[in-house]
Amino acid sequence: MWKLARFAAASNIARSRRFSAAIPGPCIVHKRGADILHDPWFNKDTGFPLTERDRLGLRGLLPPRVISFEQQYDRFMNSFRSLENNTQGQPDKVVSLAKWRILNRLHDRNETLYYRVLIDNIKEFAPIIYTPTVGLVCQNYSGLFRRPRGMYFSAKDKGEMMSMIYNWPAHEVDMIVLTDGSRILGLGDLGVQGIGIPIGKLDVYVAAAESLMDLVLILPVMLDVGTNNQKLLEDRLYLGLRQPRLEGEEYLSIVDEFMEAVHARWPKAIVQFEDFQMKWAFETLERYQKRFCMFNDDIQGTAGVALAGLLGTVRAQGRPLTDFVNQKIVVVGAGSAGLGVLKAAIQSVAKISGCSEIAAKSQFYLIDKDGLVTTERSNLDPAAAPFAKNLRDIEGLTEGASIIEVVKKVKPHVLLGLSGVGGIFNEEVLKAMRESVSTKPAIFAMSNPTMNAECTALDAFKHAGENIVFASGSPFENVDLANGKVGHVNQANNMYLFPGIGLGTLLSGAHLITDGMLQAASECLASYMAEEDILNGILYPSVDSIRDVTAEVGAAVLRAAVEEDLAEGRGDVGPRELSHMSKDETVEYVRSNMWYPVYSPLVHEK
Ligand SMILES: NC(=O)C1=CN([C@@H]2O[C@H](COP(=O)(O)OP(=O)(O)OC[C@H]3O[C@@H](n4cnc5c(N)ncnc54)[C@H](O)[C@@H]3O)[C@@H](O)[C@H]2O)C=CC1
Ligand SMILES: CC(=O)C(=O)O
Ligand SMILES: [Mg+2]
């Protein structure tokens with residue numbers, strides 16, 4: 001018990017450092033008056049107590065009555081509910097953007113209240129700040145732009161990044177989400193407008209995990225190397241560089257410079273690469289994973305979440321996990337996400353069965369925009385080549401066979417989409433899944449946002465049958481199957497892993513994120529659900545549980561770092577203490593480092 005008390009004490013000391021800003025004396029914050037009200041990190045709106053109003057020069061700048069945090073919270077939620085009532089019957093896009101705007105205005109003004117309403121209502125608000133609405137926000141970002149958030153490094157900043165990084169006002173940064181905007185969800189190249197994705201991802205991160213000190217420690221970053229989106233290039237209001245994307249060495253030199261600048265200022269900051277087009281996603285992962293503390297969420301985070309779900313589908317059939325080796329799985333989409341999933345699933349089969357990875361591939365089929373990927377393909381992408389089928393092993397199928405041909409022939413246990421193409425699992429394909437060899441066929445329509453999902457939940461249950469297991473990348477309502485039965489919708493989204501990967505790595509103090517740490521994250525998620533839920537087709541926890549999932553995943557990642565001798569600890573908790581923690585103590589340690597937003601005092605008691 002003493003240990004946990006010490007950990008908590010360490011985290012409280014750290015938390016109070018948020019406000020230290022190295023200014024001695026009676027006030028914790030170094031700003032005064034209107035500057036505090038205009039700083040969303042410190043602002044409490046009408047919640048400043050009288051002593052703080054006196055001592056921070058706020059008297060007269062606010063109406064006299066002090067409103068409590070709880071009252072402010074209720075007032076915001078009432079405004080939100082009124083907005084819902086007032087926008088009833090309006091088009092979905094209008095309503096979604098209106099909801100995003102009201103949350104964004106709060107974010108701009110008062111971060112403590114913003115994150116509190118987000119955490120307490122994560123299931124309701126995740127679809128607004130994250131997928132699907134974040135996609136709409138990115139598409140309209142130049143028009144929606146009011147205040148900057150995060151940092152923007154452009155091709156024009158070459159040679160300047162090492163000094164620019166010091167323009168960020170916070171002394172420390174733990175977690176960076178970086179994009180170049182080249183493949184935003186399934187929406188393609190959105191250039192600088194893709195900044196909405198790092199912002200949304202970090203909102204989820206804070207809601208699920210933010211540790212130790214506070215929000216100042218996160219940084220969304222846009223690397224603007226141009227765009228090949230002609231519509232944006234011609235848009236008068238477009239806020240990014242109006243030039244085609246840099247390619248080759250020119251491109252890499254920009255990413256290199258950014259990574260070196262980050263490393264120079266914050267050597268332990270974790271950089272999460274997000275929504276890079278495939279070629280750069282793989283290339284940058286290969287280039288940096290042994291040099292910097294980084295991971296690619298679309299390749300590695302998605303792989304972990306999908307693998308957990310795939311293992312869940314085996315349990316959902318009432319079969320032992322060892323039966324995973326016999327599952328026939330068709331993956332539609334040979335991009336960064338699809339290939340990441342295939343690689344992880346094949347490694348898992350090899351591990352379970354003890355066979356080679358080559359032998360483990362036999363149960364997997366890969367389809368891209370040109371159909372079934374085989375070794376006969378003339379311009380076979382080298383990244384997809386390891387998963388290409390040899391025609392001799394797939395009797396009755398040919399190079400480029402369509403989804404329907406493959407599904408009819410293979411009768412797979414699982415049909416998994418990461419193609420970015422909405423509706424591609426059409427009625428015919430879904431009906432063909434009725435012939436699956438599985439007692440509980442699984443359909444994963446993982447592409448985002450909602451309009452890019454390979455099928456809707458309703459269509460999946462309607463056409464493929466009521467006994468399927470269904471998962472989607474963006475949320476859908478559960479499906480009413482009549483007779484009191486419900487078709488459960490799982491959300492298979494990397495949001496279940498990236499916060500835990502970030503937090504676990506951070507607390508471990510590791511310099512790198514290894515395959516072992518990522519595998520531990522996936523295994524932890526795979527074992528999270530109880531047997532009873534799994535048998536009812538519930539493969540993933542509810543988004544409401546994201547903080548609990550993150551604590552467990554974070555602990556698994558931390559323990560893997562300890563096992564690999566990579567943990568250097570953080571703050572007062574060094575590698576020795578980490579290595580002596582039991583599994584439960586590690587979870588408790590991670591949990592005790594999670595931030596829950598409340599107003600902290602901005603002046604010392606006299
Ligand atoms: N649920 C989740 O957690 C995640 C979902 N995604 C989603 O996955 C999708 C793909 O992402 P990436 O792999 O990074 O994109 P990508 O652009 O690298 O790959 C897309 C792949 O889909 C294939 N494709 C395109 N049209 C097709 C068609 N008509 N039939 C079959 N295949 C087709 C392409 O050939 C390509 O191989 C996006 O919509 C993204 O939002 C990505 C990461 C995580
Ligand atoms: C979820 C996610 O990372 C994506 O759709 O790209
Ligand atoms: Mg992504």
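Everything numeric in this text was worked out from a predicted model, so none of it was measured. Atoms within a ligand are numbered from 1 in the order they appear, just like the ligands themselves. Below, each value reflects all heavy atoms present in this structure, side chains not excepted, and no hydrogens, waters or symmetry copies.
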With a 6.0 Å cut-off on ring centres, are His463 and Phe425 close enough?
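Distance test on ring centres: not under 6.0 Å, no.
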
Taking both backbone and side-chain atoms of [X], is any N or O found less than 3.5 Å from an N or O belonging to ligand 1?
X	value
Thr302	no
Gly335	yes
Asn448	yes
Val332	no
Ala337	yes

Decide whether an N or O pair under 3.5 Å exists between Tyr130 and ligand 2.
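Between Tyr130 and ligand 2 (N or O atoms, distance only) the closest approach is not under 3.5 Å.
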
Evaluate Asn493 for polar contact with ligand 2, using N/O atom pairs at a separation under 3.5 Å.
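There is no such contact.
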
At the Mg ion (ligand 3), what angle lies between atom OD1 of Asp298 and atom OD1 of Asp275, rounded to 10 degrees?
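Taking the Mg ion (ligand 3) as the apex, I get 100° for this pair.
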
So, for [X] and [Y], which heavy atoms are closest and what is the spacing to 0.1 Å?
X	Y	result
Leu366	Gly333	CD1-O, 3.7 Å
Ala521	Val557	CB-CG2, 3.8 Å
Ala464	Arg434	O-CG, 3.4 Å
Gly500	Val553	CA-CG1, 3.8 Å

Atoms of ligand 1 close to [X] [distance to a heavy atom under 4.0 angstrom, numbered from 1]:
X	answer
Gly333	21 (C), 22 (O), 23 (C), 37 (O)
Gly473	1 (N)
Met278	18 (O)
Gly186	38 (C), 39 (O), 41 (O)
Ile424	28 (C), 29 (N), 30 (N), 31 (C)
Gly420	9 (C), 39 (O)

Do [X] and [Y] sit within salt-bridge range, that is, some charged N less than 4.0 Å from a carboxylate O?
X	Y	value
Glu427	Lys431	yes
Asp368	Arg377	yes
Lys351	Glu523	yes

Would you kindly say whether [X] and [Y] are connected by a side-chain donor-acceptor distance under 3.5 Å?
X	Y	result
Ser472	Gln491	no
His107	Arg149	yes
Lys201	Tyr130	yes

When you measure from [atom] to every protein heavy atom, which one gives the shortest distance, and what is it?
atom	answer
atom 14 (O) of ligand 1	Ser336 OG, 2.6 Å
atom 5 (O) of ligand 2	Asn448 ND2, 2.8 Å
atom 9 (C) of ligand 1	Ser447 OG, 3.5 Å
atom 3 (O) of ligand 1	Asn494 N, 2.9 Å
atom 32 (N) of ligand 1	Asp368 C, 3.1 Å
atom 20 (C) of ligand 1	Ser419 O, 3.8 Å
atom 37 (O) of ligand 1	Ala334 N, 2.8 Å
atom 26 (N) of ligand 1	Val421 CG2, 3.3 Å
atom 10 (C) of ligand 1	Leu418 O, 3.4 Å

Leu187 and Asn452, any side-chain heavy atoms less than 4.5 Å apart
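Asn452 vs Leu187: side chains touch.
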
Between Trp168 and Met151, is any pair of side-chain heavy atoms under 4.5 Å apart?
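Side-chain contact under 4.5 Å: yes.
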
Just jot down the ligand 2 atoms closer than 4.0 angstrom to any heavy atom of [X], in number order.
X	value
Asp298	2 (C), 3 (O), 4 (C), 6 (O)
Arg183	6 (O)
Lys201	1 (C), 2 (C), 3 (O)
Asn494	1 (C), 2 (C), 3 (O)

Using a cut-off of 6.0 Å, state whether more than 12 heavy atoms not belonging to [X] lie near its atom [atom1].
X	atom1	answer
Lys411	NZ	yes
Lys279	NZ	yes
Glu234	CD	yes
Asp393	CG	yes

Using non-hydrogen atoms of the residue, decide whether Asp298 is closer than 4.0 angstrom to ligand 1.
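Checking ligand 1 against Asp298, which is what was asked, there is a heavy-atom contact under 4.0 Å.
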
Looking at ligand 1, would Val305 count as a contact under a 4.0 Å heavy-atom criterion?
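For ligand 1, residue contact (heavy atoms, under 4.0 Å) with Val305 is absent.
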
Where does Asp275 meet ligand 2, judged by heavy-atom distances below 4.0 Å: at the side chain, the backbone, both, or neither?
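Within the 4.0 Å criterion, Asp275 contacts ligand 2 through side-chain atoms alone.
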
Met495, portion touching ligand 2 at heavy-atom distance under 4.0 Å
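Neither part.
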
Do any of the N/O/S atoms of Asp297, backbone or side chain, fall under 2.8 Å from the Mg ion (ligand 3)?
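Short answer: no, not a single N, O or S atom is under the cut-off.
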
N/O donor-acceptor pair under 3.5 Å between Ser447 side chain and Gly420 backbone
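Yes: the side chain of Ser447 pairs with the backbone of Gly420.
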
Selection from Met446, Glu454, Arg183, Lys279 by shortest heavy-atom distance to atom 42 (C) of ligand 1
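Considering heavy atoms of Met446, Glu454, Arg183, Lys279, the nearest to atom 42 (C) of ligand 1 sits in Arg183.
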
Nearest-option assignment for atom 27 (C) of ligand 1, heavy atoms, candidates Lys369, Gln277, Met495, Gln491:
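Shortest heavy-atom distance from atom 27 (C) of ligand 1: Lys369.
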
Taking the N/O/S atoms of Glu274 one by one, which is nearest to the Mg ion (ligand 3)?
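Result: OE2.
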
Measure the spacing between OH of Tyr205 and CE of Met495 and express it to the nearest 0.5 Å.
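Output value for this atom pair is 14.5 Å.
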
Apply the side-chain hydrogen bond (donor to acceptor under 3.5 Å, both in side chains) test between Thr302 and each candidate in Asn296, Asn494, Asn493; give the one that qualifies.
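Among Asn296, Asn494, Asn493, the one meeting side-chain hydrogen bond (donor to acceptor under 3.5 Å, both in side chains) with Thr302 is Asn494.
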
Where on Ala492 is there a heavy atom closer than 4.0 Å to ligand 1, on the side chain, on the backbone, on both, or on neither?
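Backbone only; the side chain of Ala492 stays clear of ligand 1.
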
